[in-house]
Amino acid sequence: MSAVTPHRPYHLIVFGATGFTGQFVVDEVARYAAETAGDSALKWAVAGRSRQRLEAALERAAGRLSMPELRTDTEIIVADVSDEESLAIMCQQGVVILNCVGPYRFHGEPVVKACIENGAHYVDICGEPQFLERMQLEYHTKALDRGVYVIGSCGFDSIPADLGILYTQRQFRGTLTAVESFLQISSGSEGFCGHDTTWQSAVHGFADSSSLRRLRKKFGHKPLPVVGVKKRGYVFFSKEIEQYTIPFMGSDPSVVKRTQRFLYEEEHQSPVQYSAYIGVGGLFSIVKLFCGGLLFWFMVKFSLGRKLLTRVALSFFSPTQFTDLSLALWQIEDTCFSLTFFGEGYSEGTDPSEGTPNAKICTQVIGAEPGYVATVSAVVQAAVTVLNEVHSLPRRGGVYTPGAAFYKTSLIDRLQNHSIKFSVRNWP
């Protein structure tokens with residue numbers, strides 16, 4: 001584990017510790033710190049805008065975890081994204097800043113900037129492609145020059161997908177050329193638990209999709225070699241998971257493509273063509289989804305519609321939104337996810353430039369509730385990997401996807417011991 005010093009006394013600082021997801025992250029860091037107690041003990045702190053709210057969050061965590069020492073032994077740092085000096089002071093005290101303050105399109109850049117300027121590594125749980133790609137475009141060289149690692153999307157978006165593709169590549173005997181993934185979420189009888197920040201990110205992300213297209217043109221990337229899967233229709237019945245399926249609208253395709261480009265350009269690996277889908281159930285679910293999606297698409301086009309969506313519609317239509325952590329725990333316990341990968345390629349000794357693919361593989365990543373259990377396990381283990389295996393990360397700094405940052409580390413093995421399991425399956 002990276003040594004701390006009097007000038008940088010903490011291995012990890014959880015920024016946004018009073019937020020909905022931040023409280024789960026605090027619990028996970030506290031548990032991990034208890035596991036590492038001793039000479040190599042994890043030293044950590046919490047940070048946020050209000051000392052009073054941070055004290056209350058630690059009080060609740062102490063009760064949930066039966067760790068009364070959290071009330072007195074956990075240091076508190078007051079920092080605000082609107083106060084550059086407070087962010088600088090926070091970043092000067094930690095080796096890794098774990099940023100839980102979203103939506104990142106509004107609040108993320110000041111934290112990235114402060115980390116780079118003050119020498120702290122950065123990880124987050126962002127699922128917003130526009131923010132993630134803009135940080136790479138604008139800050140990669142600066143981070144590289146300062147020896148700082150900025151690694152976004154280290155939660156459910158997009159560690160299961162990004163590292164799942166790496167795992168599939170490693171298990172495949174030959175050259176893997178194409179992968180389709182199918183996400184299934186089982187939420188029990190009470191439905192899936194969501195939260196306001198996630199919803200806001202989705203609303204503003206869809207509303208500003210044209211900016212993302214313009215942003216991508218600025219990279220000036222040449223197209224990657226294509227030997228792979230053809231995209232399916234928008235709605236289709238998947239024989240693989242035996243339900244109707246639509247394209248997955250999250251950040252996974254964006255993140256995986258960035259990783260595959262990095263591995264192609266830096267490691268000269270054959271890139272995998274990737275398509276992501278999510279199961280939605282039967283025909284009735286398709287009809288509901290179509291009607292809701294059409295209304296959503298129309299409303300995000302206008303400022304009034306976005307205002308209604310972010311301030312009124314969520315609380316009216318979604319009884320599973322929670323602001324109190326204790327109210328959501330019972331529902332989260334009944335939720336889990338599975339992400340199944342169907343890959344094809346060319347067996348060892350076969351030339352990928354000739355003929356059709358002649359080998360297949362099926363792998364799976366499964367885990368607990370994606371938003372607040374798998375996400376916190378993933379981001380904490382990502383941060384710990386930065387602490388313990390910084391010399392295995394690429395170059396000497398920069399802005400990376402999880403797959404690009406961690407492909408030479410033990411992160412997959414760490415996740416196997418913390419709520420997220422990777423395995424090879426039989427092709428159905």
Side-chain angles (χ1 to χ4, degrees), residues 14 17 19-35 60-61 64-67 98 100 102 123-127 153-168 181-195 197-198 241 248 250-252 255 276 278-281 318 320-322 324-341 363-385 402 406 410-425:
V14 181
F20 192 79
T21 307
Q23 294 177 75
F24 285 97
V25 174
V26 167
D27 288 1
E28 184 70 9
V29 172
R31 283 190 288 262
Y32 184 82
E35 293 174 11
R60 291 191 295 270
R64 286 193 301 273
L65 301 175
S66 299
M67 293 182 180
L98 205 164
C100 301
V123 297
D124 69 29
I125 52 176
C126 177
S153 57
C154 288
F156 178 72
D157 298 87
S158 292
I159 275 185
D162 205 17
L163 270 63
I165 294 290
L166 296 187
Y167 177 83
T168 306
S181 72
F182 294 85
L183 173 63
Q184 295 172 277
I185 297 177
S186 173
S187 56
S189 59
E190 300 297 331
F192 181 65
C193 175
H195 193 251
T197 300
T198 305
I241 61 173
F248 180 65
S251 63
D252 289 356
V255 171
I278 181 170
V280 295
S318 181
T320 57
Q321 179 211 353
F322 296 97
D324 186 340
L325 180 65
S326 61
L327 294 176
L329 289 175
W330 59 272
Q331 186 172 343
I332 287 171
E333 290 176 356
D334 292 334
T335 304
C336 61
F337 79 90
S338 68
L339 186 60
T340 307
F341 301 86
T363 62
Q364 192 171 59
V365 180
I366 60 174
E369 193 279 333
Y372 308 106
V373 181
T375 282
V376 299
S377 294
V379 74
V380 171
Q381 291 308 310
V384 169
T385 303
F406 298 121
S410 65
L411 180 55
I412 289 177
D413 295 330
R414 293 177 182 276
L415 294 172
Q416 295 274 30
N417 297 318
H418 291 86
S419 303
I420 299 176
K421 307 294 183 183
F422 297 73
S423 63
V424 178
R425 313 286 292 183

Inset, instruction - Mind running side chain to side chain contact (heavy atoms under 4.5 Å, CB included) on Asp162 and Asp252 for me, showing each step along the way? - result: CA-CA 7 Å; Asp162 205 17; Asp252 289 356; over 6 Å; no

Could I get the full list of side-chain contact (heavy atoms from CB on, under 4.5 Å) partners for [X], not counting sequence neighbours?
{"X": "Ala276", "value": "Ser181, Phe248, Pro253, Tyr274"}
{"X": "Ala374", "value": "Phe337, Ile420"}
{"X": "Cys100", "value": "Val14, Val25, Leu98"}
{"X": "Ile366", "value": "Ser338, Gln364, Lys421"}

Of the non-hydrogen atoms in [X] and [Y], which two are nearest, and what is the gap between them?
{"X": "Ile241", "Y": "Gly279", "value": "CD1-CA, 3.9 Å"}
{"X": "Ala17", "Y": "Val26", "value": "CB-CG2, 3.6 Å"}
{"X": "Ser377", "Y": "His418", "value": "CB-O, 3.3 Å"}
{"X": "Asp124", "Y": "Ser153", "value": "OD1-N, 2.9 Å"}

To the nearest 0.5 Å, how far apart are [atom1] in [X] and [atom2] in [Y]?
{"X": "Leu339", "Y": "Leu183", "atom1": "CG", "atom2": "CG", "value": "5.5 Å"}
{"X": "Arg414", "Y": "Thr385", "atom1": "CZ", "atom2": "OG1", "value": "4.5 Å"}
{"X": "Thr335", "Y": "Tyr372", "atom1": "OG1", "atom2": "OH", "value": "11.0 Å"}
{"X": "Thr375", "Y": "Glu369", "atom1": "OG1", "atom2": "CD", "value": "7.5 Å"}
{"X": "Thr340", "Y": "Phe182", "atom1": "OG1", "atom2": "CZ", "value": "9.0 Å"}
{"X": "Cys154", "Y": "Ile125", "atom1": "SG", "atom2": "CD1", "value": "10.0 Å"}

Inset, instruction - Answer with yes or no whether the side chains of Ser251 and Ser158 bring together a donor and an acceptor at under 3.5 Å. - result: yes

Inset, instruction - Carefully, step by step, assess Val379 and Val123 under the rule side chain to side chain contact (heavy atoms under 4.5 Å, CB included). - result: CA-CA 7 Å; Val379 74; Val123 297; 4.1 Å; yes

Quick check: do [X] and [Y] have side-chain heavy atoms less than 4.5 Å from each other?
{"X": "Phe24", "Y": "Ile332", "answer": "yes"}
{"X": "Val365", "Y": "Phe341", "answer": "yes"}
{"X": "Asp157", "Y": "Val255", "answer": "no"}

Inset, instruction - Could you walk me through whether Val376 and Asp27 pass side chain to side chain contact (heavy atoms under 4.5 Å, CB included), step by step? - result: CA-CA 9 Å; Val376 299; Asp27 288 1; over 6 Å; no

Legend entry - Counterpart residues, salt bridge (charged side-chain N to carboxylate O under 4.0 Å, His left out), relative to Arg31 (two or more places apart): Glu28

Legend entry - Chi angles and distances behind the side chain to side chain contact (heavy atoms under 4.5 Å, CB included) call for Thr363, Arg425: CA-CA 5 Å; Thr363 62; Arg425 313 286 292 183; 5.6 Å; no

Inset, instruction - Under the ring pair (Phe, Tyr, Trp, His ring centres under 6.0 Å) rule, collect the residues that match up with Phe422, sequence neighbours excluded. - result: Tyr167

